[in-house]
Amino acid sequence: MKDKIRSLNMDQIITRFPPSPTGYLHLGGARTALFNWLYARSKNGRFVLRIEDTDLARSTKESVDAIFKALDWLGIDWDDGPFYQSERLDIYKEYIKKLLDSEDAYYCTCSPEKIKTMREAAKASGQTPRYDGTCRDKGLKNSEKAVVRFRSDSFGTTVVEDVIKGSILFQNSEIDDFIIQKSDGMPMYNFAVVVDDITMGINTVLRGDDHVSNTPKQIALYKALGCMLPVYGHVPMVFGKDRTRLSKRHGAMSVTAYRDMGYMPEALINYLVRLGWSHGDDEFFLKDDLIKKFNIKNIGKSPSIFDPEKLLSLNAEHIQAASIERTSACLKPFLEERHTDEIDSSYLSAIAGTLNKRSKTLLEMADGALFYLENDIDYDKKAAEKFLKPIVYDCLNLLIDELKQIASYTQKNQEQAFKKVMDITGLKFGKIAQPVRVALTGKSVSPGIFELIEVLGRERVLKRLKNAVLYIDEKR
RNA sequence: GGUCCCAUCGUCUAGUGGUUUAGGACGCUGGCCUCUCACGCCGGUAACACGGGUUCGAAUCCCGUUGGGAUCACCA
């Protein structure tokens with residue numbers, strides 16, 4: 001396979017997301033994916049997905065699948081790929097040869113142990129650890145354990161023109177002759193990235209801050225290969241509450257964990273994009289807004305801290321803002337886990353309609369929806385003791401009679417029914433509502449009485465009220 | 001330790017030399033609404049890290065200090 005080296009073409013923005021499949025997709029990765037995707041979409045460009053699986057020991061098929069699943073759930077789609085670096089080995093070989101031929105690279109047979117001691121000595125004396133160039137001018141041929149090193153300039157400077165951070169200056173003397181091909185023949189990260197980005201026509205590289213120090217090496221490679229540089233933008237990182245890299249001890253990190261905890265993908269997208277990017281005082285965004293409004297210039301320079309509380313409140317906002325159809329669809333899998341029967345979709349929508357303003361997550365919503373679906377509800381012990389007492393016995397019976405007579409359970413009709421019961425018993429609405437609530441839901445907290453009755457419908461309402469009457473009867 | 005980056009309420013941020021008694025959101029909090037819980041509405045709390053400059057004027061520009069972070073692999 002022959003890839004032509006394309007000169008950098010900015011007619012169409014081409015971005016990429018290159019995860020290494022060594023685990024699930026975490027929040028930070030999702031955010032860089034999102035920025036690249038958003039930028040490509042907003043510029044009518046292309047977004048490519050590349051799986052960086054040259055680390056044979058750590059890459060797994062499961063991780064690849066997990067990454068696909070997470071991206072799919074977030075709604076981040078790609079135009080090209082997925083490309084697998086493990087399937088592009090001959091391309092890297094070709095570029096290695098080019099570099100070897102032009103003497104920009106050379107074989108090195110120094111043992112890893114030797115390099116290690118070299119590095120430790122340098123660190124101990126406060127110097128940047130660097131390869132000392134033992135094999136640099138030996139003109140070694142390829143051999144069993146040889147690696148290929150890039151011949152770095154030891155003088156001069158390299159400037160990274162970063163669209164987020166501005167110009168960053170590096171002394172070339174800081175950069176040593178780094179390895180571009182391992183002794184097992186696999187390419188090293190910095191080299192593979194450059195070859196891939198060149199051959200895939202990537203012209204815009206948006207990536208985490210932690211890559212800035214790799215950039216001068218990559219630039220050197222571009223230059224040696226005679227290729228034009230992409231536009232670089234290094235996005236500040238996201239930290240945990242203790243201001244260190246987001247990791248397991250900060251709680252859930254994987255994208256799919258948030259799905260399982262009942263978050264809407266809309267909410268996660270919204271939260272992630274606002275971490276580091278802003279559009280004036282706007283807080284709430286849907287994907288289509290973002291595609292219209294996203295720009296690189298509004299990405300901030302300073303790192304941010306992941307705040308689960310804000311994500312949660314944003315999730316509540318998105319649950320409220322979503323259409324009932326959307327919310328129901330998202331809710332359904334959570335209910336199916338708890339309730340095996342087939343759920344009627346219009347009933348489900350009605351249920352969601354009573355819960356979407358009082359649920360911060362879909363999980364919470366599913367829990368709150370359970371009483372609608374159970375055939376026999378269990379009474380919360382405290383609630384039953386407090387509200388299902390003999391004193392409301394007549395009241396509930398009266399209500400049953402009234403509700404029996406009503407043609408349809410509109411709010412207006414219900415109000416009239418309750419009015420009658422109130423008039424006869426002399427009880428205020430507040431005194432009647434709680435017992436009825438417990439009778440209908442088993443709990444002392446629920447959606448409003450009228451919406452409850454309307455959604456549950458005649459059959460369930462009457463049955464549950466009668467059961468409550470029976471319950472009181474048995475107790476006395 | 002070397003190199004590099006960053007610095008506005010606890011957190012996310014607006015702000016690009018004067019319109020700012022520094023605005024919004026989350027959180028926390030007082031109240032209203034009310035059939036419970038929520039939603040909603042009204043209000044409060046809280047920040048320009050510090051020190052020098054530049055300027056008529058600085059959160060905004062420059063320098064230094066301090067603090068935080070990233071990175072220094074035959075990982076990506």
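Throughout, a chain's letter reflects where its sequence line sits, starting with A, and its residues are numbered from 1.
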Below 3.5 Å between N/O atoms, which protein atoms pair up with nucleotides 35-37 of chain B? Just atom names and distances, please.
unit_1, atom_1, unit_2, atom_2, d
C35(B), O2, Arg437(A), NH2, 2.7
C35(B), N3, Ile449(A), N, 3.2
U36(B), O4', Gln434(A), OE1, 3.3
U36(B), O2', Ser444(A), O, 3.2
U36(B), N1, Arg437(A), NH1, 3.3
U36(B), O2, Ser446(A), N, 2.8
U36(B), O2, Ser446(A), O, 3.1
U36(B), N3, Arg437(A), NH2, 3.0
U36(B), N3, Ser446(A), O, 2.5
U36(B), O4, Arg437(A), NH2, 3.4
U36(B), O4, Gly448(A), N, 3.1
C37(B), O2, Arg358(A), NH1, 2.8
C37(B), N3, Arg358(A), NH1, 2.4

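Across all strands shown, U36(B) has no partner, as no Watson-Crick or G-U wobble contact with both distances under 3.5 Å is found. Both distances falling under 3.5 Å, in either a Watson-Crick or a G-U wobble arrangement, place G1(B) opposite C72(B). With both pairing distances under 3.5 Å, G67(B) is matched to C6(B) as a Watson-Crick or G-U wobble pair. Checking A59(B) for Watson-Crick or G-U wobble geometry (two distances, each under 3.5 Å) identifies no partner in any strand.
Counting only residues at least two apart or in different chains, salt bridge (charged side-chain N to carboxylate O under 4.0 Å, His left out) contacts with residues 443-456 of chain A comprise Arg358(A)-Glu451(A). Residue pairs that meet the side chain to side chain donor-acceptor pair (under 3.5 Å) test with at least one member in residues 22-32 of chain A, sequence neighbours left out, do not exist here.
In the region residues 292-300 of chain A, proximity to RNA chain B at under 4.0 angstrom, judged on heavy atoms, holds for none of the residues. Contacts between residues 303-318 of chain A and RNA chain B, counted as heavy-atom distances below 4.0 Å, involve Pro303(A), Ser304(A), Ile305(A), Asp307(A), Glu309(A), Lys310(A), Ser313(A).
Looking at residues two or more places apart in sequence or on another chain, you find no side chain to side chain donor-acceptor pair (under 3.5 Å) involving Arg130(A). With sequence neighbours excluded, the residues that form a side chain to side chain contact (heavy atoms under 4.5 Å, CB included) with Gln181(A) are Lys93(A), Ile96(A), Val148(A). With sequence neighbours excluded, no residue forms a ring-ring contact (aromatic ring centres under 6.0 Å, His included) with Phe17(A). Residues meeting the side chain to side chain contact (heavy atoms under 4.5 Å, CB included) test with Leu286(A), sequence neighbours left out: Glu266(A), Phe284(A), Asp289(A), His318(A). With sequence neighbours excluded, the residues forming a side chain to side chain donor-acceptor pair (under 3.5 Å) with Asp177(A) are Tyr106(A), Arg136(A), listed by chain and number. For Leu398(A), the side chain to side chain contact (heavy atoms under 4.5 Å, CB included) partners are Val421(A), Ile424(A), Thr425(A), not counting sequence neighbours. Under the ring-ring contact (aromatic ring centres under 6.0 Å, His included) criterion, His211(A) pairs with Tyr189(A), not counting sequence neighbours.
Both the sub-6.0 Å distance and the 45° axial angle are satisfied by Arg149(A) relative to the ring of Tyr131(A).
A donor and an acceptor atom never sit less than 3.5 Å apart when one is taken from the side chain of Ser302(A) and the other from the base of C6(B).
Distance CD (Gln181(A)) to C1' (C74(B)): 10 Å, rounded to an integer number of Å.
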